[in-house]
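So the structure is just underneath, and the comments pick up after that.
Chain identifiers are assigned alphabetically (A, B, ...) following the order of the sequence lines, protein sequences preceding nucleic acid strands; residue numbering begins at 1 within each chain.
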Amino acid sequence: MALSALFLLIFLLQHFSINLISVFSADAFNEVSHFMGTNPLVQFVMQPILMFAVVFHFVMGFVLEIQNKKARPQKYAYYKGSANASWMSRNMAISGLFILGFLAIHMWDFWFPEMQYKYIAMNPEDPTRYFGELQHKFGDVWRVLVYCITFVFLGLHLMHGFQSAFQSMGANGSRFTPTIKTIGKWYAIVIPAGFIFIALFHALNGANH
Amino acid sequence: MNLTLKIWRQKNKQDKGRMETYPVSNISGDMSFLEMLDVLNEQLINDGKEPVAFDHDCREGICGMCSLFINGEAHGPGREITTCQLHMRSFKDGDTIHIEPWRAAAFPVVKDLVTDRSALDRIMNAGGFVSVNTSGNTIDANTIPVPKADADKAFDAATCIGCGACVATCKNASAMLFTSAKVSQLALLPQGKVEAHDRVLNMVHQMDLEGFGNCTNTGACEVECPKGISLENIARMNREYLSASVTGE
């Protein structure tokens with residue numbers, strides 16, 4: 001669980017960095033997207049690893065949740081969870097479900113059409129198509145709304161998940177744990193807020209064009 | 001002060017159990033929580049009713065016998081105390097207090113507020129010891145040099161009294177804090193290193209067999225632990241487990 005989480009943290013940072021390029025330069029974004037979309041190492045090695053990590057992470061999440069529910073068959077009549085643990089840490093399954101729902105939409109909305117375009121319809125590669133497609137997608141207000149809500153939940157998930165992944169891997173010490181927790185908090189705020197900013201930037205910019 | 005108690009009553013393991021309401025009056029703020037229950041029980045006995053069964057022994061916070069989930073928290077409100085160290089001054093006149101037994105599949109209710117916590121003993125039996133020949137010529141442990149920092153950490157872990165508050169408070173009913181404290185208290189010392197790999201593998205295996213949940217690092221156990229056992233111990237056990245799984249036979 002923690003290992004797949006650490007991998008997904010790195011992936012998210014990479015995804016964010018590429019998306020952020022779109023704010024500064026359409027050409028650079030097209031170039032990077034073209035590389036990511038056509039490089040065989042990315043397409044046929046990294047992409048399956050990512051798929052596996054995502055599926056592993058949520059399947060393990062469900063398995064652990066079921067085991068944990070079984071470990072307390074009789075609930076307390078009065079349980080004050082907020083007295084000793086954060087909402088984020090107690091509701092990883094809820095924030096995770098929101099993210100999973102978004103991933104399903106993301107696959108249907110982006111990944112399947114992309115696979116269809118490249119590998120089924122066998123369209124000739126156009127290295128300049130990516131920025132326009134991005135702006136077109138963010139032209140839909142509903143898509144942007146769902147996107148923004150999901151990233152709020154991702155922020156909540158990361159707020160606990162970042163430091164939790166390190167703790168599960170055994171990385172806890174008085175010298176570096178405070179640093180990990182601080183980086184985790186910043187990561188959980190900056191990355192989702194950045195994704196929301198990029199979506200809003202293109203939604204507003206696209207509307208102006 | 002006058003209070004209303006909502007207490008879990010259950011005749012035996014087979015009984016379904018239910019919450020019952022009892023009023024108690026003239027409770028002094030200087031009484032411990034268990035003394036308040038003694039007052040209730042005297043009242044129940046005088047009325048010809050069955051007293052409430054609850055675990056207790058030393059009543060000074062060191063034996064780990066008292067339990068009780070009070071107003072939604074293990075050992076009630078207050079930090080780094082057991083139920084016997086909880087005083088009634090923590091409550092106000094007219095309060096309603098919910099009192100329940102530890103809830104976990106691994107801690108079946110024996111009667112009322114008494115649970116069977118022998119699952120923790122079985123985890124200890126699986127490896128929470130150092131094999132030493134006690135034939136009469138055992139070497140004094142103090143002759144083996146131990147770095148002060150390690151000795152302190154081992155001692156801190158060893159202050160765990162095995163009350164099970166960590167399990168009771170964890171939303172997953174996980175026993176990771178208990179098991180990790182018992183793994184750590186030996187793993188940090190030279191005497192414990194010889195059996196370190198088998199110890200962590202066997203204790204974690206037994207923990208899983210007992211039906212405890214998984215650790216999701218909410219940190220609730222550390223907050224509610226009457227001895228302030230640190231989450232650092234869980235990370236240490238995870239390291240020990242990872243290392244033993246990779247290098248063990």
Side-chain angles (χ1 to χ4, degrees), chain A residues 1-3 5-6 57 59-96 156-178 180-181 184, chain B residues 6 8 10 16-19 69-74 76-77 79 96-109 167-175 208 210-225 230-243:
Chain A
M1 194 73 185
L3 211 56
L6 289 171
H57 193 71
V59 169
M60 278 301 286
F62 282 130
V63 170
L64 293 178
E65 190 67 15
I66 292 164
Q67 285 179 350
N68 294 341
K69 291 273 179 266
K70 268 175 67 183
R72 178 167 294 137
Q74 173 130 29
K75 304 275 167 276
Y76 287 107
Y78 184 4
Y79 183 74
K80 204 170 163 189
S82 59
N84 43 46
S86 68
W87 186 92
M88 287 79 82
S89 70
R90 287 178 288 121
N91 294 285
M92 290 296 273
I94 292 175
S95 54
L156 295 172
H157 201 72
L158 291 170
M159 195 63 88
H160 173 68
F162 189 99
Q163 56 89 22
S164 177
F166 284 89
Q167 163 79 8
S168 289
M169 292 305 292
N172 184 331
S174 50
R175 272 180 298 131
F176 55 88
T177 295
I180 290 175
K181 286 191 174 174
Chain B
K6 287 185 180 293
W8 182 260
Q10 186 173 334
K16 266 186 78 179
R18 75 225 112 326
M19 295 297 278
F69 210 73
I70 303 160
N71 278 353
E73 290 185 75
R79 295 292 169 249
T96 297
I97 307 174
H98 290 74
I99 312 168
E100 295 176 75
W102 285 172
R103 295 271 185 225
F107 290 168
V109 173
V167 177
T169 201
C170 174
K171 77 177 186 68
N172 310 324
S174 168
D208 291 341
E210 298 291 347
F212 291 107
N214 306 289
C215 178
T216 50
N217 305 320
T218 66
C221 53
E222 183 184 52
V223 176
E224 297 292 348
C225 174
S230 163
L231 289 181
E232 259 187 72
N233 292 297
I234 296 184
R236 182 176 300 105
M237 181 168 80
N238 289 347
R239 287 198 298 276
E240 289 271 323
Y241 187 83
L242 203 62
S243 149

**Request:** Could you tell me which non-hydrogen atom of B:R239 sits nearest to which non-hydrogen atom of A:M169, and how far apart they are?
**Result:** CG-O, 4.4 Å
**Request:** Could you tell me which non-hydrogen atom of B:K171 sits nearest to which non-hydrogen atom of A:R90, and how far apart they are?
**Result:** CE-O, 3.5 Å
**Request:** Could you have a look at B:A106, B:P77, B:C170 and say which one has the most heavy-atom pairs with chain A under 4.5 angstrom?
**Result:** B:C170
**Request:** Find the one option among B:T218, B:N238, B:I234 whose heavy-atom pairs under 4.5 Å with chain A are most numerous.
**Result:** B:T218
**Message:** For A:F162, I'd like to know if atom CZ has over 12 heavy atoms of other residues, nucleotides or ligands within 6.0 Å.
**Reply:** yes
**Asked** Do A:S89 and B:N217 meet the criterion of a side-chain donor-acceptor pair at a distance under 3.5 Å?
**Response** no
**Prompt:** Short question: side chain of A:Q67, backbone of B:F212 - any donor-acceptor pair under 3.5 Å?
**Reply:** no
**Request:** Can you see which heavy atom on B:T216 is nearest to which on A:H160, and at what distance?
**Result:** O-NE2, 2.8 Å
**Message:** When you measure from the side chain of B:E73 to the backbone of A:A83, do you find a donor-acceptor pair of N or O atoms at a distance under 3.5 Å?
**Reply:** no
**Message:** Could you tell me if the side chain of B:N71 sits less than 4.5 Å from the side chain of A:K80, heavy atoms only?
**Reply:** no
**Heavy-atom pair with the smallest gap, counting every atom of A:A71 and B:G211** = CB-O, 3.5 Å
**Request:** Considering non-hydrogen atoms only, spot the tightest contact between A:P73 and B:A104 and give its length.
**Result:** CD-C, 4.5 Å
**Prompt:** Given a strict heavy-atom distance threshold of 4.5 Å, which part of B:P101 is in contact with chain A: side chain, backbone, both, or neither?
**Reply:** backbone
**Fill in**
The interface call for A:S168 against chain B, heavy-atom contacts under 4.5 Å, is both
**Request:** Count the heavy-atom pairs under 4.5 Å between each of A:S174, A:G170, A:A171, A:S164 and chain B, then report the option with the highest count.
**Result:** A:G170
**Prompt:** Does the side chain of B:T169 come under 3.5 Å of the side chain of A:N84 through a donor N or O and an acceptor N or O?
**Reply:** yes
**Request:** Answer whether the closest heavy-atom distance between the side chains of B:F69 and A:Y79 falls below 4.5 Å.
**Result:** yes
**Asked** Under 4.5 Å between any side-chain heavy atoms of A:Q74 and B:W8, yes or no?
**Response** yes
**Request:** Evaluate the side-chain proximity of B:N172 to A:R72: yes if any heavy-atom separation is below 4.5 Å, no if none is.
**Result:** no
**Asked** Once you round to the nearest 0.5 Å, how far does NZ of A:K75 lie from CD of B:E100?
**Response** 12.0 Å
**Request:** Identify the two heavy atoms, one from B:A105 and one from A:K70, that lie closest to each other, and give their separation to 0.1 Å.
**Result:** CB-O, 3.7 Å
**Request:** Report yes or no: does A:N172 contribute a side-chain atom to a donor-acceptor pair with the main-chain N or O of B:A235 at less than 3.5 Å?
**Result:** no
**Prompt:** Is the side chain of A:Y76 donor-acceptor paired with the backbone N or O of B:G72 at a distance under 3.5 Å, no angle test?
**Reply:** no
**Asked** Among B:V109, B:L231, B:I70, who wins on heavy-atom pairs under 4.5 Å with chain A?
**Response** B:L231
